[in-house]
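Data first, discussion second: the structure below is written as structure tokens.
What you are looking at is a predicted structure, and each value in this text was computed from that prediction instead of being measured. Each chain gets a letter, A, B and so on, in the order the sequences are listed, and its residues count up from 1.
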Amino acid sequence: MATRMKEVDAVIVGLGWTGRHPRQGIGRGRLESRRARARREPHDEKDYAVPNIRDELRYVVRHDLMMNTARDTLTVRNNPSQEALPMRRLGSFLPGEGVGGSGVHWSGHTWRWDDTEFKIRSRYEERYGRNYIPPT
Amino acid sequence: MPRDLRRQDLDALDEKQREEVLVGLSTARIAFTGSVPVRTFWTTVYQTVMEGMFADPIHGGNRNKAGWKMIGFPGRDRGASGERGEYKDKQFPTDPLSIADMS
């Protein structure tokens, strides 16, 4: 169902590695922005923890992180005289669902926290100054 | 399809005949009249059997990890590159580990 949101200066759709870059620039310019992700709730730690992440049937065969083509898909035709038909099985083209994009869906980026992750902000501020990370 | 195999249940056939049917389906030498294309049928059957035999038991098949034991698959998290060399072409010393075993 459609959700009406407050009007903003810019909307970024997709929160992967690509989407976060314009967001950072916009944040600096003090434009008001809103981020939108594709449907599904953000993945949580249960999605990625061992042993669940080793579930090949769920992730590799059934494409659990990817678009659910039974509910939402693209239509394809090979030439203009054909009738475009919905793609119901995913092949090499894998549109993702939820937060992630290139990081999660296609690179197999997993949440494996290292000591450094908890010090990232301090490290950036130390090196580039307190204003480097824009306020959220 | 050979005439003597028509209209018979697959499990009523002997092993050689069953094999003939399976090979016939997989090579599209057998076709269905007025029904699903044999490639589509075979792909689905084959995929389903593979999943039932070798997917993690958490999905309901591969009971007691029988499929994994049969082929010597060591299970989840045992394919680490360090171990791979050590156990190459050898029987893995323990029972395979499934997702439920590790949860």
(message) Enumerate the ring pair (Phe, Tyr, Trp, His ring centres under 6.0 Å) contacts for residues 83-104 of chain A, please, sequence neighbours excluded, ordered by first and then second residue.
(response) none

(message) Could you work out, with salt bridge (charged side-chain N to carboxylate O under 4.0 Å, His left out) as the rule, every residue matching A:R130, not counting sequence neighbours?
(response) A:E125

(request) Write out all pairs satisfying side chain to side chain donor-acceptor pair (under 3.5 Å) with one or both partners inside residues 30-48 of chain B, taking only residues at least two apart or from two chains. (result) B:Q47-B:E51

(request) Following the transitive rule for hydrophobic clusters with a side-chain heavy-atom cut-off under 4.5 Å over Ile, Leu, Val, Met, Phe, Trp and Tyr, establish whether B:M50 and A:V60 coincide in one cluster. (result) no

(request) Give a yes or no on whether B:F32 atom CZ has more than 12 heavy-atom contacts from other residues, nucleotides or ligands under 6.0 Å away. (result) yes

(message) Quick check: under 4.5 Å, non-hydrogen atoms only, which of residues 54-70 of chain B neighbour chain A?
(response) B:A55, B:I58, B:H59

(message) Would you say that more than 12 heavy atoms from the other residues, nucleotides or ligands in this model lie under 6.0 Å from the CD of B:E15, or not?
(response) no

